[in-house]
Structures are given as structure tokens and as C-alpha cells.
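These notes concern the structure reproduced below.
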Amino acid sequence: MRDALTVLVSATIIPLSAPTPRRHRRLTSSTTTTKPRPKPNPKTNPQVSTYSPFLTSSPWDNRQSLKYYTEVASKLAENGRFEDFLMILESVVASEVKPSEFLDLLNAKNVASGIVRVIGESKLTSDVEMLFNGVRKLGIEPVQLFDGVSMELLRGECSRLLKCGEVEQLVSLMEILSGFQFQIKELVEPSDVINLCISKRDPTAAIRFAQKFPHAEMLSCSIILDFGKRRDMLSAVTAFEASKQNTSSPNMHAYRTIIDVCGLCGDHLKSRIIYEGLLAGNFIPNIYVINSLMNVNSHDLTYTLDIYKKMEKLGVPADITSHNILLKSCCLAGNVGLAQDIYSQIRKLESEGALKLDVFTYSTMIKVFADAKKWRLALEIKEDMVSSGVIPNTVTWSSLISACTNAGLTDQAMRLFDEMLQAGGQPNSQCFNTLLHACVESCQFDRAFRIFQCWKEKGFQQTITGQMRVTSRPYSLMTVRLPFRPTATTYNILMKACGTDYYRAKALMDEMKTMGLSPNQISWSTLIDICGGSGNVVGAIQILRSMRESGIQPDVITYTTAIKICVEHKKPKLAFMLFGEMQKYQIKPNLVTYNTILRARNRYGSLQEVQQCLAVYQHMRKAGYKPNDYYLKQLVEEWCEGVIQSEHQDKSQFASRLVEFEPQSLFLEKVTKHLQDSAESLSVDLRGLTKVEARIVVLAVLGMIKENFIAGNSIKDDVSIVLGEQQLSSHVDMDASGVNEAVIKLLHHDLGLHVYAAGRDKRNGIISSLKLEEVIERSDSQQTSASPTRRPVVLQRLKVTKESLHRWLRRTGSSTR
DNA sequence: ATAGGGTTAG
């Protein structure tokens, strides 16, 4: 092909105008030599015109030869030989032929195919740019080389690149073309290119492309936001940084957008850093930037308040939106008082004409009170609103209904719904959901289904008259549009309304699917709850399995629900199995989970069960949850006390199966240690424990002693209990002193053991033995800041006599032997 | 260009 062309060029040029041999060489050099050629440049090569074939036949009388040369040029271009093409063009221009004549004769399609070929060969920037620059230098705009057909070719290439996802090629091409007056819109759909860049996670290319448009700032923002919507913070920030490149003053719109994206991606701190960067550059943010920043950080009232206070100093006065966001922040923080203060403050500003409260303000305040169960105050806000002439919208009504629902006022909620309809309010799905939830909360399940049925029957875009009322109050000529669009939430709420009717709930879940809705974690958790609640524990666990199989990952609540079911149906083994499964799937239990599983053991359960509970307790502490004395107390009462006192327990192999605790918590370490120790020379170390923990440890040791006694090993020594240093300052450590009292109460009063104190007098270092009465007395005197005459004894250890232990063992142990 | 409402476990 190339050779054929060489022949063509050689054959045509020589007879026509007798170009110099040099010229000839240059024209064909690309096929005959690999040596770099000098660039043709009319300015530095004045002889170009001298060699122009057209000059020899001036004035131009040979249209045929122009046509011929143009054809050659077209062919050269088609083969990507742009330099040669340019040289012919140079000659044409130099011979004072009008470019339009050349262009008329040019086979535009050939040129376009050449360009398309070069694009395909990825020589885009070097070759095409060279061609276009060359053409432009000769006074022709490159876009003029294209006619309708060739433009279509180019468009085809663009869609090919788009289809193949050649982001870099496509964007580079667009950059070149837009630099030469091509209309990008006529070649590709700009949004297609941007979407490709986004789907290929190429923020830089997206922004490069966007910058070729007059509305680049707006496009950049939508790109940043799109990445944010995909939760791709990194790309969003890259796009944001790229969009900052060619601008001297910052684009506040972009700042606002990236801050919103931080919110979408849950990176509140990043939004603060971006904002601080803006301030550090001595730029004044606009109101949108500040409002977005506050909104993204609305979960941190301290921060939003701080920003709000600084607004005035920045010279950006807070507007109603700023205040609304601040109210939202109060709402999230549950700070009703501050919300009320702000509300009255802005009401005052409104009376001065400085602000105008809007529907957001009132709705947010209503939500503040709704969450705080202050339904009366919520209704008062509604009155404020109406008297200010602000019309409640669906959100306002929903929040009002919620306020009543949260306060348990179902009928009031219903009345509000009626009121909304009468006021011309159009309920939507969320509003219906609120209403349905009100019914469910008050266990008016039938009512919930009736409302749902009504909603359903009125169907899509139908009007109803009077029949929608949910109270007894009749009204006529009511026209309400009720597009029936239940959401997943609707079905979830209705599932709850099934009580323990598992099959009904299951049917609802199926209906949900036929409505094109996917059951979510809440749907499945509810189904598990209902199935278990109907007594079918195994079924509940099977549902948990189906849930995973259907691609929905169970979450903490799902597992906690399932565990609750097992606990309620006295299946501790299953409960612990599920708890273990959670670890396997790396689902972190929360406080509710721990408290639920801790209820799993039965009263007077086996040692293994207790050990499992202790392991859970340890797990809990490890996870950073505060030791829950309440459940530990239950452990004491329901197990440890049982070990000591009960006649009904299973006494077998008490000390044989010992759980292997990791010594993470002091308490568990001690329980473990004492449970594992042999019965010889027992010393119980209670230092650092709370009184409840101390109680368990003491009981565990006693249980141990008892087991050994039953096995025939009786105790040979008094049992020593190390209490630890007591502080003598006026700041008595309440926990530590509580330990002494609790232990003494347990041993002496509850179990009737004989206890004496081995105290070490700090002054003379004598170990003194005291009777219990004295122990208590001195213990008291420590707490009430010792009298000067009686120095308090620094209690270090108690002893329990082996005789009293023997008596106790015979008394309680014999009955079960 | 900004902001708001509904459902699950102890």
C-alpha cells in the first residue's frame, strides 16, 4: 500500500510541474528513509514557494493539476502521512490558491480516516496535533477539513473509544479537538465521556474533559459529587484537587461539593481539614460552604456551634439554613434546651425582620420535641407555624404524627393524619409508614392492616372521597391522591404487625418481593423474631441461614435477635453457638448483644455455662464495654449462690473442666486462677476488684473448696483473703471499702463463717488479730475519718477459720451427698 | 447550589 502510494506520488508530481529532486525526495522520504526529516516550515524555508509546482503555471490555469494534487494529499492523509499532506498544502497555499478551492477538492473522508487510523494507533497527540497545527499555520482551521461524512467518521471513532473504555485516548482527542474549534457536543455526548471516566475511576481525566466546557465549574462539581455518591472519597478528592488547578480564586461551589461528599462518605474530619485549608489561604468561604460544613458535622454539636459562632467574625452572617442546621445538630444531640433557646432567638430575629423562619425550621423543631417525647410542645410549634403563615408540608405532618407515636398517642396520631388530609396535605409512603408504625406501637395490628389495605385499594393516582379517614370524623369531597408506593419500610412495619403469625409475616415478605422490593436486614431480623416468637427456635435459625444464602449479611441486630430467641426458649447452647458464629463472621457484638447472651445461662446452671458467661464477660471488657455489675450480680445470685446453698445442683466434676481464660481482665484472671488452683493453702487475692467481682471470686473459691471436700479432700488451713491497702485519706475509695463490707457480709452474715482480721499496724508493723466486730468497727472508723484516739487499722487481709469452713461444708455439703 | 420525616435486637 505504502509502496503504491510512493509510486503514485512520484508518478504524478514529475510530469505535472517538475519539482526539484530535493522536493521529490522530501515528499517520499518517509518511505525511503528512516532518517528524521526536517519539519517543513514556510517561514524558515522561503524556497518552498520557489519550488511550488503551481507557480510554474501562474496564473492558475490548471485546475486539473490542483485536483490531482489534492487527491494525492487526501491519499497521503488517509495513510497517516500528515507531514507529506502538509507539504502539499503548503505548496497550494504558497501558490496563492484559495484554501477554499483546495478544501472543496479535498476528500475530507480520506483525511478523517487518516486521523481515525492515527487515533487507533495511539499516535494521537504527536501526529494529529502536528497536522492541525500545520493546517492552522497555513490559514486553514482544521475543522474546515471535515465535512458531514468525515465528521461522522470521527464521531464513529469517538463512540468506539467510548465503547472500548479508552478513557485516555478519548479525553486526549477531545482536548485536541476542542483546541481547534471542534464542537465536542457534536462528536460525543459529554455526559457519556464523564460517566466513562467516573466508572473507570479516573477523576483526573474527568476533570480534564470538563475543563473544555464553558461551564467547567459546574461539571467539575457534578463529577466530585458522583464520586462521592459512589463512596469513593479518594477519587472525589483527586477530582476536587484537579479542578482547582487552572483557577486563581477557589471555586466555592467545588468546596461546598467536596464537603458534602465528605458527609456522604462519612469522613467528617476530612471536611474540617478542607475547610481549614480554605481559611489558611485567606479566602472567605461563602454561606453554602459553611452551611454544608455544619451539616456534614451536625453530629457534633460542639463543632457546629463553634463554626456558627465564628460566622459573624468571618463576615458571613448566618442565614435561616445555618440556623436550621444548628437546630438539626441540637436534635441529633438530644439537646432540647439549646434548640429551644435558638428557636426563640430566631423568632425574635424574625420579629425584627432579620430572618424568616421556614418550613424546615418548624419541622426540625417538631422533630426535636418528637424525639424528646414532648408532643405538646411539638403541637405548639405547629401553632407557631400556622400563625406565621407557613404551610406544613408532608414532612411536617409526618414529624407531628411521629411526635404522637413516640408518646404512645395513637389516636392523636390518627387525628393528625386526618387533619393533614383535610388541610390538603398529600401523604406519601414515609408518612404512611409513620402512621402504620403508630398502630404497631400501640399493638393495633388490625388497624395497621386496614390502613394498608385502604392505601392499596385506592391505588395509583386514584382519588378518594371521605373513605380514607382513619378516625370516626367524616368528611366529604375529600380528594387525595394516593400513589400506592409502599417501601421496604412499609413491609417491615407491617411484618411487625403480624405479632407471632409467622406465615403472615412470610407472606408479606413474599409480597414485598413481588412489589420489586428487596427484603433487607430489618425484614429478615423481624422474620426471625416472629418465627422464634411463635416458638420455632430451629426455624428462626434456619431463617438466619436463608438470609445469608439470599445474599443479605446478617448484622449485629440479626444475631442479637436470634440469640434472644434462643435465650427466651432456654437454648443456651444454641445462643452460644450463634455468639461464636458472630466472631467467625467478624460481627462485633454490642452492649445489647452481651446483655442478651449473659441471660442465656439457667439458674443453677452447670459450671460450663458459667464459664461461658465469664468468657462473655471477659469478651465484653475486651471490647471496651464497661463491666456490667447488674449481670455479674445475676451470675452471683443465680450460680455462685446456688453452688453454695442449693440442694438441687449438679455437683459433678466441678474443678475438672476449666475454661481457659485469657488473663485480660483482672477479675477473670483471678476467677480463673482460683478455679484452677489446688485446694492447698488457699489465699484469695481481691486487690483491684469491685465488690461484685470480689464476691464472685470468694464464692468461686468456696465452691472449689466444697468440691474438694466432696471429693474427700478437706481443708487444712484457714483461708486467707487479701483485701489490699486501704486509703487513709479523707477520700476513701468507695469501691475498696465496699469490697470489705461486701466480703464480710457474705462470709459472716450470709454463710455464718468465722472471720477474723489480720491487720498490719502501719506505725509499728505488728500483725494483730481482731475479732469481726472490731474489724467492722475499725472499718467504719476509716470511712468516717478516724477519731484521733483510735488509730485506724490498715486492713490487709481477712482470714476464715478452717473450723467454721468445716462446719459450713458439713452443713451444706452433706445434704446433697 | 444549601437543610428535614419512616422500620429491627436488651
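Here is how names work: the chains are called A, B, and so on, in the same order as the sequence lines, proteins then strands, and each is numbered from 1. Given the structure is predicted, the values throughout are model-derived calculations rather than measurements.
- In this view, A:Thr361 and A:Asn324, A:Asp358 satisfy the side chain to side chain donor-acceptor pair (under 3.5 Å) rule, not counting sequence neighbours.
- Ring-plane geometry between A:Phe432 and A:Trp455 is classed as parallel, the angle between the planes falling under 30 degrees on a 0 to 90 degree scale with a further cut at 60.
- Side-chain proximity of A:Asp358 to the nucleotides B:dA3, B:dT2, B:dA1 is greatest for B:dA3.
- By the side chain to side chain donor-acceptor pair (under 3.5 Å) test, A:Ser399 is found to be paired with no residue, residues two or more places apart in sequence or in another chain being considered.
- Distance, A:Ile224 CD1 to B:dA1 P: 16 Å, rounded to whole Å.
- As a whole-Å value, the separation of A:Leu219 CG from B:dA1 C1' is 14 Å.
- For A:Ser243, there are no side chain to side chain donor-acceptor pair (under 3.5 Å) partners two or more places apart in sequence or in a different chain.
- If you measure from atom CE of A:Met311 to atom C1' of B:dT2, you get 11 Å, rounded to the nearest angstrom.
- Atom pair A:Asn324:CG and B:dA1:C1' shows a separation of 16 Å (rounding to whole Å applied).
- Every residue two or more places apart in sequence or in another chain was checked for a side chain to side chain donor-acceptor pair (under 3.5 Å) with A:Ser402, and none qualifies.
- To the nearest angstrom, P of B:dA1 lies 13 Å from NE2 of A:His215.
- Under the side chain to side chain contact (heavy atoms under 4.5 Å, CB included) criterion, A:Val538 pairs with A:Asn536, A:Gln542, sequence neighbours left out.
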Take nucleotides 4-9 of chain B nucleotide by nucleotide from the 5' end and write B, S or -, depending on whether a protein heavy atom sits under 4.0 Å from the base, only from the sugar-phosphate, or from neither.
BBBBBB

